[in-house]
Every structure is written in structure tokens, then in C-alpha cells.
There are 2 protein chains.
Amino acid sequence: MITATEEDYIKAVFNISQNERKEMVGTNQIAAKMQTSAASVTDMLRKLNAKELIIYEKYKGAKLSALGTSQAMTLLRKHRLWESFLVYKLGFAWDEVHDLAEQLEHVKSAELVNKLDEYLGYPKFDPHGDPIPDLNGTLTIRNQVILSTLAGSDTGVVVGVKKHDKQFLSHLNKVNIKIGAEIKILEKYEYDQSTKVMIDQKNEAVLTLAVCENIFVKPV
Amino acid sequence: MITATEEDYIKAVFNISQNERKEMVGTNQIAAKMQTSAASVTDMLRKLNAKELIIYEKYKGAKLSALGTSQAMTLLRKHRLWESFLVYKLGFAWDEVHDLAEQLEHVKSAELVNKLDEYLGYPKFDPHGDPIPDLNGTLTIRNQVILSTLAGSDTGVVVGVKKHDKQFLSHLNKVNIKIGAEIKILEKYEYDQSTKVMIDQKNEAVLTLAVCENIFVKPV
DNA sequence: ATTAAAATTTAGACAAACTTAAAAAATATG
DNA sequence: CATATTTTTTAAGTTTGTCTAAATTTTAAT
Ligand SMILES: [Mn+2]
Ligand SMILES: [Mn+2]
Ligand SMILES: [Mn+2]
Ligand SMILES: [Mn+2]
């Protein structure tokens with residue numbers, strides 16, 4: 001038996017590990033993501049270690065065990081399928097669904113998530129472009145790069161976002177960037193590292209580095 | 001802020017009060033429904049009273065306040081809309097959805113439940129025939145009687161069930177009783193209070209009192 | 001190599017929801 | 001009406017997840 005809180009910690013370890021591209025995750029990083037104290041994290045790491053969901057050594061940090069990774073995949077699958085349902089079926093916007101999925105993902109039932117998957121037609125990606133793990137926990141790998149790595153006159157199609165907070169996604173809405181949008185680099189300004197782009201051959205916009213660093217594109 | 005557990009207690013008080021047709025609900029009754037100890041119930045009643053969700057006096061029992069009743073309605077609405085979604089959209093059977101809805105009902109979001117209501121086409125009744133409260137908490141009243149009150153050669157259409165446990169509903173599946181089924185009383189046996197019935201003018205069955213007491217029918 | 005700073009753990013405490021066992025109050029019975 | 005039974009409450013303790021403050025370990029900087 002794994003609690004909802006334990007599930008969220010497992011997911012936090014997985015996400016940080018992916019984003020930072022390193023195995024071992026530190027106590028403070030987890031505390032920041034979980035919006036809790038470092039002391040609470042230490043307690044939880046000890047418990048998750050005892051349950052063999054993570055491998056943890058005092059002062060060294062934590063990484064997911066095989067069991068923990070499979071749990072993380074199950075949770076990601078649920079989270080992303082619920083987000084897909086909320087957007088594709090109920091008509092929510094992509095910047096409104098994260099907190100809801102954060103709750104729905106903890107509903108206990110393998111049957112439910114599989115029925116949901118079927119109902120949605122087995123989607124491969126969620127509304128933010130994140131891959132949805134299949135029943136075996138396998139993720140679809142996609143050819144993608146960070147928008148900020150494109151050079152002048154390169155073009156890419158938006159396939160995903162790195163951050164999922166409402167503030168960031170609402171900003172993208174304002175400049176007409178959504179999944180599937182075509183972005184052509186017009187000019188990169190050295191001075192403040194901002195970039196002038198053309199979106200869907202219609203809208204011109206200047207994007208700061210903070211924005212370009214968090215958008216995944218498929219180069220065309 | 002009301003916790004999921006508090007919500008379940010509120011619902012228990014509401015349900016018991018409805019079923020037993022009396023205002024004041026006792027500690028032991030709640031303990032039985034919540035599958036917990038009487039001591040835990042006393043603790044919770046005190047807390048709910050402090051939050052003004054119920055009116056409670058030591059040794060006297062509890063009843064819902066106006067605030068508590070509105071909370072109960074909101075929760076019933078969520079529970080029944082989720083059950084409707086699970087059956088009408090995801091294809092679950094009516095005896096598989098109660099425990100799932102018991103979890104889903106606690107997801108915090110007014111927006112979500114209203115979007116769900118719209119998506120389902122504003123159903124008035126859930127898969128068990130229970131009325132779904134509307135946005136204002138109003139229940140559709142229906143002309144119904146308990147099957148066991150019908151006399152010989154009377155006929156009724158099944159509109160609901162009083163119990164929702166899997167055991168009972170699965171039994172109804174076995175004898176082909178579902179919402180909308182037509183039941184004609186053929187003979188009532190004095191000896192063991194069982195009843196011979198004709199279901200949908202096709203299947204003959206003998207129903208015990210334990211079954212007839214928990215089926216709502218609309219007389220025809 | 002010391003020392004300063006940052007990261008992490010320990011200690012002690014709290015709230016929520018639960019448990020069992022004992023005490024008290026209410027109700028039923030002869 | 002006195003007593004037995006049932007119902008309810010109190011008391012004491014557990015688990016989960018949280019907190020703050022203090023101590024310790026690791027890492028970074030002179
Ligand atoms: Mn979550
Ligand atoms: Mn997502
Ligand atoms: Mn519930
Ligand atoms: Mn129902």
C-alpha cells in the first residue's frame with residue numbers, strides 16, 4: 001500500500017532526476033518541488049527507502065529503485081491520461097488541468113485508468129506534449145530539441161513544454177504558442193538573449209530566454 | 001476547508017437520516033456505516049459540530065445543519081455524476097462504480113463537476129436510479145414505492161435500488177433485474193415472505209423479502 | 001588547511017484520524 | 001423502581017505527515 005503523498009514524492013524524485021539529468025536527487029530539491037520542509041523530506045526518504053521504492057543514503061541523496069520507477073510510470077500514466085480527458089473531452093484549457101490531475105492521479109483503480117485510456121483512443125501524448133506511458137510503462141520517444149537551441153532562420157514545430165505551471169502556459173496562450181504551432185527563428189538578440197520569431201507564419205513575437213528554454217520543438 | 005473524511009461523515013449522517021426517516025442519528029449507526037469505532041465517531045461529531053456542519057449534543061445524537069445539508073448535496077451530486085460517467089461513458093457495470101465514486105467525489109473543483117454534468121447531458125438520475133442534485137442542490141422527486149409493498153398481480157417498473165453494495169447489485173444482475181425492468185407480482189408466499197414475479201414478461205423468479213425491500217418501482 | 005556557507009539530519013512537537021479499554025449515561029426489563 | 005443492557009463518551013496511545021529549531025555533515029572559498 002502506497003499513500004497519495006508517497007506517490008507525489010516518488011514523482012518528484014523522478015521529475016527532478018529527469019530535468020536535471022542526474023541520478024541522485026537532493027533533499028532540498030525535493031523540498032522545493034513538494035513545497036515542504038527539508039526535515040519532512042528526510043523523514044519521507046527514510047520511509048520510501050524502507051519500502052524499497054527508492055535507494056537512499058544519508059547525506060548522499062535519493063534515486064528511484066526499479067520498483068519506484070514503475071510506480072512513477074504508473075502515476076505519470078494516470079496523471080497524463082486524466083489531463084487528456086479533461087482537455088480533449090471536458091473542454092478544459094491546457095493551463096487549467098494540472099492541479100486537477102494532481103488529485104485525480106491518486107484514485108486507486110487499474111481498471112479505471114485502462115478504461116479511460118481506451119475511451120480516449122489510446123493517446124500517445126498529453127495536452128502538454130508529454131508522452132503517456134503505456135500499460136507496460138513504456139514511453140514514446142520523440143525527436144525534439146529545446147527551442148532556444150535553434151539558430152537563425154531555423155524552423156520548428158512545438159511538440160511540448162518543459163514547465164506546466166499556469167503562469168507559463170497562460171503566457172504562451174497570449175503569444176499564440178500552442179502544441180503544433182510552427183515557430184521560425186527570425187533573429188537572436190545577443191544583448192538580452194531574446195529571440196524574434198514568426199509563429200504560424202502570421203504572428204511575430206519576441207520571446208525571452210526564460211520562455212525559449214521551456215519549449216520543445218521538432219526541427220523541420 | 002473540509003477534509004475527505006469529514007465529507008464522508010456528513011454523507012453518512014445524511015444517508016442514515018434519510019433511510020431511517022428520523023432527524024437525529026446515533027453514534028453507533030454512524031460507526032457502522034463508516035466502518036470505524038464509536039469513539040472515532042464521537043471525536044468527529046465534536047469536530048463537525050465545532051465547524052457548524054452538524055448540530056450535535058452529547059448522548060443525543062447528530063443532525064445536519066443547513067450548511068451541512070448543502071455540503072451533503074454537493075457531495076451527492078459529485079458522487080452520482082461520477083457514477084454516471086463511469087457507467088454511461090466508460091462502460092463500467094452498475095455494481096462496479098460505487099467504490100470508485102467514493103474516491104472521485106472528493107476531488108476538489110466546482111468547475112470539474114459542472115463540466116462533467118454538461119458532458120453527460122445533465123442527467124437527472126444516476127445508474128442506480130438515485131436523483132442527482134442540480135447546481136442548487138435540488139433533487140428531482142419521483143413517484144416510487146418499495147417493491148415489497150406491491151400486492152398480487154400489481155406491476156411496477158424498476159426505478160432505483162436502496163442498497164448499493166456489489167453483492168446486492170450482482171444478485172440483481174443474476175435475476176435480470178435492472179433499471180427500467182418491468183416486474184409483475186405473480187404470487188406472494190406467506191410462509192417465508194418470498195414473492196414469485198415475472199420480469200420483463202420473460203423471466204420468472206422468486207425474490208426474497210431481503211431483495212424486494214431494497215428495490216424501488218414506479219407502479220403501472 | 002581553515003573557515004565560512006550550504007545542505008542535510010536530528011530532536012521535539014503538533015494535528016488528524018484511528019485504535020482499545022474503561023467509565024459514564026441512557027434505555028430497557030423484571 | 002432497581003437492575004441489567006445498550007449506547008456513548010473519555011482516556012490513553014498509534015500512525016502519517018507536517019512543522020521549527022538546533023546539530024551535524026558536506027561543500028565551497030579564502
Ligand atoms: Mn498528486
Ligand atoms: Mn501534462
Ligand atoms: Mn467518499
Ligand atoms: Mn449511486
Side-chain angles (χ1 to χ4, degrees), chain A residues 1-13 16-17 19-20 22-64 68 71 75 99 102-103 105-108, chain B residues 1-13 16-17 19-20 22-64 68 71 75 99 102-103 105-108:
Chain A
M1 254 294 84
I2 183 167
T3 70
T5 311
E6 287 170 350
E7 287 184 329
D8 281 335
Y9 272 94
I10 292 288
K11 198 173 56 169
V13 173
I16 295 167
S17 181
N19 285 337
E20 319 275 290
K22 57 181 174 153
E23 264 214 315
M24 282 321 224
V25 175
T27 303
N28 270 350
Q29 291 178 291
I30 300 171
K33 176 145 275 189
M34 294 292 294
Q35 311 215 70
T36 186
S37 70
S40 300
V41 175
T42 300
D43 283 353
M44 183 56 85
L45 291 183
R46 228 195 284 281
K47 189 160 58 140
L48 293 176
N49 187 66
K51 287 195 176 186
E52 301 193 307
L53 288 160
I54 62 171
I55 292 112
Y56 162 68
E57 268 186 289
K58 253 172 134 177
Y59 293 105
K60 295 279 182 62
K63 66 175 178 188
L64 293 183
Q71 287 283 348
L75 195 62
D99 291 347
E102 203 58 49
Q103 298 180 62
E105 69 189 357
H106 301 294
V107 172
K108 255 80 185 169
Chain B
M1 253 296 79
I2 183 169
T3 69
T5 312
E6 287 170 350
E7 286 184 329
D8 281 334
Y9 272 95
I10 292 287
K11 198 173 58 168
V13 172
I16 295 166
S17 182
N19 284 340
E20 318 275 290
K22 56 178 174 161
E23 264 214 316
M24 281 321 223
V25 175
T27 303
N28 271 351
Q29 291 178 291
I30 300 171
K33 177 145 275 191
M34 294 290 295
Q35 310 215 71
T36 186
S37 69
S40 300
V41 175
T42 301
D43 282 354
M44 183 57 83
L45 291 183
R46 228 194 285 280
K47 189 161 56 140
L48 294 176
N49 187 66
K51 289 195 176 185
E52 300 192 309
L53 288 160
I54 63 171
I55 292 114
Y56 163 68
E57 269 185 289
K58 254 172 136 177
Y59 294 106
K60 295 278 181 63
K63 65 175 178 189
L64 293 184
Q71 287 283 346
L75 195 61
D99 291 346
E102 203 58 49
Q103 297 180 63
E105 69 189 355
H106 301 294
V107 173
K108 255 79 185 169

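Throughout, protein chains are lettered first and strands after them, A, B, ... in sequence-line order, and every chain is numbered starting at 1. Fair warning: this is a prediction, and the values are worked out from it, not measured in the lab.
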[N] [atom2] sits how many Å from [X] [atom1], rounded?
{"X": "B/M34", "N": "C/dT19", "atom1": "CE", "atom2": "C1'", "answer": "15 Å"}
{"X": "B/Y56", "N": "D/dT7", "atom1": "OH", "atom2": "C1'", "answer": "11 Å"}
{"X": "B/D43", "N": "D/dG13", "atom1": "CG", "atom2": "P", "answer": "15 Å"}
{"X": "A/D8", "N": "D/dT18", "atom1": "CG", "atom2": "C1'", "answer": "15 Å"}
{"X": "A/E57", "N": "C/dT9", "atom1": "CD", "atom2": "C1'", "answer": "15 Å"}
{"X": "B/I30", "N": "D/dT8", "atom1": "CD1", "atom2": "C1'", "answer": "12 Å"}
{"X": "A/I2", "N": "D/dT16", "atom1": "CD1", "atom2": "P", "answer": "13 Å"}
{"X": "A/M1", "N": "D/dT15", "atom1": "CE", "atom2": "P", "answer": "18 Å"}

Notebook entry, point to check: With distance as the sole test, does B/K33 use its side chain to make a donor-acceptor pair with the main-chain N or O of B/V13 at under 3.5 Å?
Noted result: no
Check: Hey, does the side chain of A/T36 reach the backbone of A/A31 with a donor-acceptor pair shorter than 3.5 angstrom?
Finding: no
Next item on the list: Could you run through nucleotides 22-29 of chain D and give me one letter per nucleotide, 5' to 3': B if any protein heavy atom sits under 4.0 Å from the base, S if only the sugar-phosphate is that close, - if neither?
Entry: --BSS---
Item checked: Of B/L45 and A/Q35, the one whose closest DNA chain D nucleotide lies more 5' -> B/L45
Margin query: With a 4.0 Å limit, can you tell me whether A/R46 has a side-chain N or O closer than that to the phosphate oxygens OP1/OP2 of C/dT9?
Written below: no
From the options [options], select the nucleotide whose nearest atom is closest to the side chain of [X].
{"X": "A/N28", "options": "C/dA7, D/dA21, D/dT16", "answer": "C/dA7"}
{"X": "A/S40", "options": "D/dT18, D/dT9, D/dT16", "answer": "D/dT18"}
{"X": "A/T27", "options": "C/dT8, C/dC18, C/dA21", "answer": "C/dT8"}
{"X": "A/A38", "options": "C/dT10, C/dT9, C/dA21", "answer": "C/dT9"}

Check: Given side chains that start at C-beta, do those of B/E102 and B/E105 come closer than 4.5 Å, heavy atoms only?
Finding: yes
Check: Are A/V41 and A/M34 side-chain neighbours, meaning at least one heavy-atom pair lies under 4.5 Å?
Finding: no
Item checked: Under the salt bridge (Lys or Arg N to Asp or Glu O under 4.0 Å) test, residues paired with A/K108 that sit two or more places apart -> A/E7
Check: Do you know the tightest heavy-atom contact between B/N49 and B/I54?
Finding: OD1-O, 3.3 Å
Touch check for [X], heavy atoms < 4.0 angstrom, all strands: base, sugar-phosphate only, or nothing?
{"X": "A/T42", "value": "base"}
{"X": "B/S37", "value": "base"}
{"X": "B/T36", "value": "sugar-phosphate"}

Next item on the list: Could you tell me whether B/E20 atom CD has more than 12 heavy atoms of other residues or ligands within 6.0 Å of it?
Entry: yes
